[in-house]
Amino acid sequence: MTASYKPVAFLDLKAQYQSIKAEIDAAVARVLENCHFVLGEEVAAFEREFAHYCGATECIALNSGTSALHLALLAAGVKPGDEVITVPFTFVATVAAILYAGARPVLIDIEPRTFNMNPAAIEAAITPHTKAIIPVHLYGQTADMYPIVEVARRHGLVVIEDAAQAHGAKYRGRSAGSLGDIGCFSFYPTKNLGAYGEGGAITTSNPEYAKKIRMLRDWGQDSKYHHVLRGFNYRMEGLQGAILRVKLRHLERWIEARRTVARKYNELLSDSGLQLPQEMPWARHIYHQYTVRTRDRDALQAGLQSEGIQTAIHYAVPAHLQPAYADLGYQEGSFRESEAAAKQVLSLPIHPELNADAVETVCGAVKRVAFGRVKTLV
Ligand SMILES: *Cc1c(COP(=O)(O)O)cnc(C)c1O
């Protein structure tokens, strides 16, 4: 084999900055001039614009997605002794936030095709202590929300969407962040809408929740130095608000670019033997990740690495098997589908700036590895 492989990076944040540099630099300069470094008018404007984008009446900007989950749970009235239902196949913050609120995470398994919460598993997990359900919209496709909201309504539970990977994702025409009672977003730099630092937000159309969350993010104050709630310092920085306003204006275009990359992967990998992501009929998948599935995941990843193609695993160890959460009462075998997915998923490079050549390079390499060196895919 000639050594003429073109390397493909998993991400290219620099290319995105270069493409919007003038707008970003002007936005940063505005904040440096007006000195509203924490909250301020840029953050307030971002809140209005992001609420509108998500189809919610309110948005509260925060310092991370983890803070969003934490405050969503507190606004929902979750307290020590309560239980909150979520999935183990997620980034660990979903489970950690439930523990921050003093509640017990009650985990249920995922559906193997979408990697999202299996709504049929909810009912059996509900007890008199259950307060809320957190479906995670993993990889940029929403969970199957109608049946989740239906069970929640019947049992008086609050539905909190973990939409950290799903800015602009849609379910039956409606946007992530407006599908449950409270939506939680992360603007970590690698997310589809990424800040240049930490960031997060809550969306909701419930004015009571919004009011409480607004106080909780800023030390529980209802007026200056008058603390009616035991709050936190979870405020968004002015610079991040200004940067996110610029980036929000490009988000639809970037989502379409990701969807174009995904279509090309689907086409070129249709005969690869890999299980490809499935966009459900009711979904607008925004492809935060393009995640394939194969029994020979580790060999595929190693083969691609040797050809200079970066991939990633989201996530190799489900939350219930993480050492830090060993005391939740679960063990190997507790969640068959989550555990199988953790062993088999591999995310290929996807971002709006990834060009057709790079996609072809990745697919050529995938097929060489799949057909040549790896014996049994899927
Ligand atoms: C990124 C992420 C979070 C946490 O967001 P941070 O901004 O990093 O705190 C929570 N849940 C999911 C599913 C995520 O992907």
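One-based numbering, in listed order, for ligands and for the atoms of each. Counting from 1, the numbers follow the sequence of the chain as shown.
- When only modelled atom types and interatomic distance are considered, Q165 and H314 share no side-chain donor-acceptor pair under 3.5 Å.
- Proximity of T66 to ligand 1, defined as any heavy-atom pair under 4.0 Å, is shared by backbone and side chain alike.
- Below 3.5 Å of separation, one finds no N or O of T90 facing any N or O of ligand 1.
- The ligand atoms of ligand 1 that sit less than 4.0 angstrom from a heavy atom of A164 are 2 (C), 3 (C), 10 (C), 11 (N), 12 (C), 14 (C), 15 (O).
- Residue contacts with ligand 1 for L138 are absent, since no atom lies close enough (heavy atoms, distance under 4.0 Å).
- The closest side-chain donor-acceptor pair between H137 and E161 falls under 3.5 angstrom.
- Donor-acceptor pairing under 3.5 Å is lacking for the side chains of S334 and H320.
- Between the side chain of Q310 and the main chain of Q305, no donor-acceptor pair closer than 3.5 Å is present.
- Of the polar atoms of G65, at least one N or O is found under 3.5 Å from an N or O of ligand 1, judged by distance alone.
- The heavy atom nearest to atom 1 (C) of ligand 1, out of those in H288, K191, Q165, is found in K191.
- When only modelled atom types and interatomic distance are considered, S178 and S175 share no side-chain donor-acceptor pair under 3.5 Å.
- The side chain of A93, and not its backbone, has at least one atom closer than 4.0 Å to an atom of ligand 1 (non-hydrogen atoms only; side chain from C-beta on).
- Panel note: side chain H285, backbone Q278; no donor-acceptor pair is recorded below 3.5 Å.
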